[in-house]
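What follows is a set of notes on a single structure, which appears directly below.
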Amino acid sequence: MKTKILNPTQSNIDIAAQAIKNGELVGMPTETVYGLAANALDPNSVKKIYSAKGRPSNNPLIVHIADFKEMEKLCYLNDDAKLLAEAFWPGPLTILQYKKDIIPNLVTGMLDTVAIRMPSNNVAIKLITACGLPIAAPSANKSGRPSPTTAEHVYHDFNGLIPYIIDAGQCEIGLESTVINLAKKPYSILRPGKISIEEIRKVLPDVILSENILHEPDPNTTPESPGMMYKHYAPKAKLVLVSGSRLNVSKKINELFHNSESEGLKTKIFCFEDNAELYDSDSVIKIGSSQHLEELAHRLFSLLRSIDDIGVNIVYSEVADLSGIGLAIMNRMIRAAAFNIIDADK
Ligand code: TXA
Ligand code: MG
C-alpha cells in the first residue's frame, strides 16, 4: 500500500472518510497530536489499529465525536460529565464514562468504561462528520515512540501501512489530551494535558490526580489507565533528566556531559533558552523558555524524534516546573527517560 499525504480540502476529507467507512486507517490531525483514525463501531477496523501500532490489546482507545449529542449513544452519561464537556469541549479533554454495548470491547481493552473526546481541530471535526461515525483514534505513533505532531511523523511510522494521512500542519498543542475518569468517585485525572487540574477544579472541585502521573506504576497492581504502565514516548537515544536548583543542575549536567563525551558517546543537552549560557553552546539544544512552557509542550515530541535523526546516543535534560502544563510535560518526559531522573541537590 502506498501512503498518500493529503491537503485538508473537503474533497480530500471525503476521500479519507470513505476509506475509514471501508474499514481502513487514516492519519488524522487534531489540536493535540495526530491520531490513527478508524471506525470505532467496527471491531475489524479497531483490530487494525492495535496491529499497526504494535499496541497491547489491553490498552484502550479514545473515541472521538464531532457532536455532543453522540455521547449519549456511546455511554451512560452523568451530570458531571455534561458539566465538564460544556466547559471544555470541543478541546483537549477526554472523559471516561461507563460504556454502552454499542462500543466493541476491543475499543476499551475489555474495561467497562469508554474514553470520549470532542477535538477542537476543524479538520478533525470535518473528518468525523464526513464519516458519520464515532472515530477510535490513539496517537499515530508506533507503540512506545514519541507521539506525532506533524504529518511527516505519522508518515515515518506508518508509511505503507495506511492509505492516507491528512496534513493540517503542526499540532497546536503538541501533547495529548487530559484524560479524566468521571465514571466513579473520587474523580481522577489519569493523564495530565493542557487543561490543568487547576482549571478542572473550578468546575468540579473534588478532582484528584492519579498516583501514577509522575511515578512508575507497580507492575503487580492493576493500573487505573493501562497506557501509564509502559515505558513510553521514548527516543532511541537514552534520556536522563536532572532536577534541582538552577546552578546545581547545570553543574551536574556539565559533569555528566563530559563523562559521556569522553566515553565516545554522542551527547547533547536539553536546556531552557534562559539557561543556555550555563552550557557549551555546541552541545546545547534549546527547548524553549522556562517561563512559557507551552513552547516546550509544542515541540517536545519533535525534539525527541529529532535526536534520533541526528544519531545522538545520550541526552541530559533540564526539567520543567510542575504547575499548569508543566505537569503534562513532566509526565511525558519522565516516561521518555524510563523514570531515569537525578536530583542534583543531593
Ligand atoms: O489527544 C489525544 O488524546 C490523542 C488524540 C489523537 O486525540 N489520543 C491519544 O490516544 O493520546 P492514546 O491511545 O495514545 O492515549 C489514550 C490514553 C491511554 O493512556 C489509555 O490507556 C487511556 O487513554 N484510556 C483510554 N480509554 C481508557 C479507559 N477506558 N480507562 C482508562 N484509561 C483509558
Ligand atoms: Mg499514545
Side-chain angles (χ1 to χ4, degrees), residues 25-38 40 46 49-50 52-66 74-75 88-99 103-121 123-125 127-128 134-149 153-154 157 165-166 168 171-184 187-195 210 212-213 217 222-234 297 301 328 331-332 335-336:
L25 308 181
V26 166
M28 171 178 78
T30 84
E31 72 280 20
T32 57
V33 300
Y34 277 72
L36 192 60
V46 174
I49 293 180
Y50 288 98
K53 275 184 67 94
R55 178 171 173 122
S57 61
N58 66 347
N59 188 6
L61 307 174
I62 295 172
V63 176
H64 297 68
I65 57 175
L74 310 176
C75 66
F88 297 109
W89 280 2
L93 178 73
T94 296
I95 298 175
L96 265 61
Q97 294 280 270
Y98 286 111
K99 80 188 258 310
I103 297 286
N105 287 326
L106 204 56
V107 170
T108 62
M110 309 305 283
L111 297 173
D112 56 3
T113 52
V114 58
I116 304 179
R117 99 172 180 98
M118 191 197 302
S120 62
N121 179 284
V123 178
I125 292 290
L127 180 64
I128 301 164
I135 296 297
S139 51
N141 52 282
K142 289 277 188 179
S143 197
R145 296 267 300 143
S147 297
T149 53
H153 293 160
V154 183
D157 285 14
I165 301 164
I166 304 182
C171 299
E172 192 187 318
I173 296 170
L175 296 181
E176 308 88 339
S177 61
T178 306
V179 177
I180 184 165
N181 188 349
L182 296 183
K184 66 170 190 337
Y187 297 149
S188 82
I189 294 183
L190 306 183
R191 180 177 71 183
K194 173 152 194 297
I195 297 178
S210 157
N212 293 341
I213 282 175
T222 312
E224 287 176 279
S225 182
M228 292 287 108
M229 278 300 279
Y230 313 105
K231 178 182 170 191
H232 206 161
Y233 312 113
F301 289 136
N331 169 265
R332 308 320 189 265
R335 283 173 171 72

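All figures in this text were calculated on a predicted structure; none of them were measured in a lab. Whatever order the structure lists ligands and atoms in, that order sets their numbers, starting from 1. What's counted below: heavy atoms across the whole structure, side chains too, no hydrogens, waters or symmetry copies.
With N331 contributing its side chain and I213 its backbone, the two residues share a donor-acceptor pair below 3.5 Å. Using a distance-only test at 3.5 Å, with no hydrogens or angles considered, a donor-acceptor pair links the side chain of T178 to the main chain of I195.
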Run V33 and H153 through side-chain contact (heavy atoms from CB on, under 4.5 Å) and show every step you take. CA-CA 10 Å; V33 300; H153 293 160; over 6 Å; no
R117 vs T30, test: side-chain hydrogen bond (donor to acceptor under 3.5 Å, both in side chains). Steps then yes/no. CA-CA 11 Å; R117 99 172 180 98; T30 84; 3.1 Å; yes
Can you list the steps and then say if S177 with T32 is a side-chain hydrogen bond (donor to acceptor under 3.5 Å, both in side chains)? CA-CA 6 Å; S177 61; T32 57; 5.7 Å; no
Starting from the C-alpha separation in whole Å, work towards a yes-or-no answer on side-chain contact (heavy atoms from CB on, under 4.5 Å) for F88 and K194. CA-CA 11 Å; F88 297 109; K194 173 152 194 297; over 6 Å; no
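Of all the heavy atoms in A52 and L36, the pair that sits closest is CB-CD2, 4.4 Å.
For the pair I116/W89, a side-chain contact is recorded, criterion being any heavy-atom separation below 4.5 Å from C-beta on.
The Mg ion (ligand 2) has S139 OG as protein N, O or S atoms under 2.8 Å away.
Using a heavy-atom distance under 4.0 Å as the criterion, the protein contacts of ligand 1 are T32, V33, G35, R55, N59, P60, L61, I62, H64, L96, L111, T113, A115, R117, A137, P138, S139, E176, S177, L190, R191, E224, S225, P226, G227.
Taken from OH in Y98 to CG in L111, the straight-line distance is 11.0 Å, to the nearest 0.5 Å.
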